[in-house]
Amino acid sequence: MKIESKYSYSIFPADDFNCVASLLKSIISIYGYNMAIEEIASNFIKILPMNIENNFNDNMLGIHIYENSINNFFNKYSIPLEERWIPINTLEEWEFKTEIVNGLKNNEHIICGFSYGIYYNDKTKNDIGHVVLIKSIVEEKVSVIDPGPEKVGMNDMEMYRLYKAIHHKKDGIWKIKEKNLTKASTL
């Protein structure tokens, strides 16, 4: 049975090191926020090759997300969303699938961070992190929005391989949902 997000995402191709900002743009644009990818990226720690001296490895590159940094971004721009990060080391494979299924059913936006090289069998890129936005799930495959730059567009990914690639990167899933803005009335 296919479970699909209710959202129609626009795809904003990313250049190197901006995949996180590109997916955040895909999400916030649904709510009427029009920000450039670079403007979004400027709200996070971003490491580029020219900023690294010695002891460089690919794991250091790109946008780094730390505790509450996405929520701080949402709050700074009054975007009515909240993010919850789930580290992959807290989930068995079946729990990972359950989190995706439940997230889609609950109208959450789901971003997965993973090792690009592990998923795509390219040992030269094992330390390179990447993110995708889950659009739907059917049995053991997920359809994702990949911001690129190499595989930009809608792509299908195997659930087990994605889970393993997330584990290798020691990453997780970010579940983003609309804030509950209703206030309890006082009697």
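What you see is a predicted model, and the numbers here were worked out from it, not measured in a lab.
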Sidechain-backbone polar pair: Glu82 side chain, Arg84 backbone, donor-acceptor under 3.5 Å: no

Does one side chain, of Asn43 or Lys76, offer a donor that lies under 3.5 Å from an acceptor on the other? yes

Sub-3.5 Å donor-acceptor pair from the side chain of Tyr9 to the main-chain atoms of Ile30, do we have one? no

Could you tell me if Lys179 and Asn71 have a donor-acceptor pair between their side chains, going purely by distance under 3.5 Å? no

In Å, rounded to the nearest 0.5 Å, how long is the span from CZ of Phe12 to CG of Asn18? 13.5 Å

Any donor and acceptor pair, going by atom type alone, linking the side chain of Asn72 with main-chain N or O of Asn68 inside 3.5 Å? yes

Can you tell me how far apart CG (Leu91) and CD (Glu99) are? Round to the nearest 0.5 Å. 5.5 Å

Within this structure, what is the OG-CD1 distance for the pair Ser22 and Ile27, rounded to the nearest 0.5 Å? 10.0 Å

CD1 (Ile37) and CG (Leu23) are apart, to the nearest 0.5 Å, by 9.0 Å

Between Tyr119 and His130, does the ring centre distance come in under 6.0 Å? no

Contacts under 3.5 angstrom, residues 133-142 side chains, donor-acceptor by atom type, not counting sequence neighbours:
{"from": "Lys135", "atom 1": "NZ", "to": "Ser5", "atom 2": "O", "distance (Å)": "3.4"}
{"from": "Lys135", "atom 1": "NZ", "to": "Tyr7", "atom 2": "O", "distance (Å)": "2.3"}
{"from": "Glu140", "atom 1": "OE2", "to": "Lys97", "atom 2": "NZ", "distance (Å)": "2.8"}

Does the Lys NZ or Arg CZ of Lys151 fall within the cation-pi geometry relative to Tyr120 - under 6.0 Å from the ring centre and within 45° of the axis? yes

Roughly how far, to the nearest 0.5 Å, is CD1 of Ile145 from OG of Ser26? 5.5 Å

Close side-chain approach of Ile28 and Phe74, heavy atoms under 4.5 Å: yes

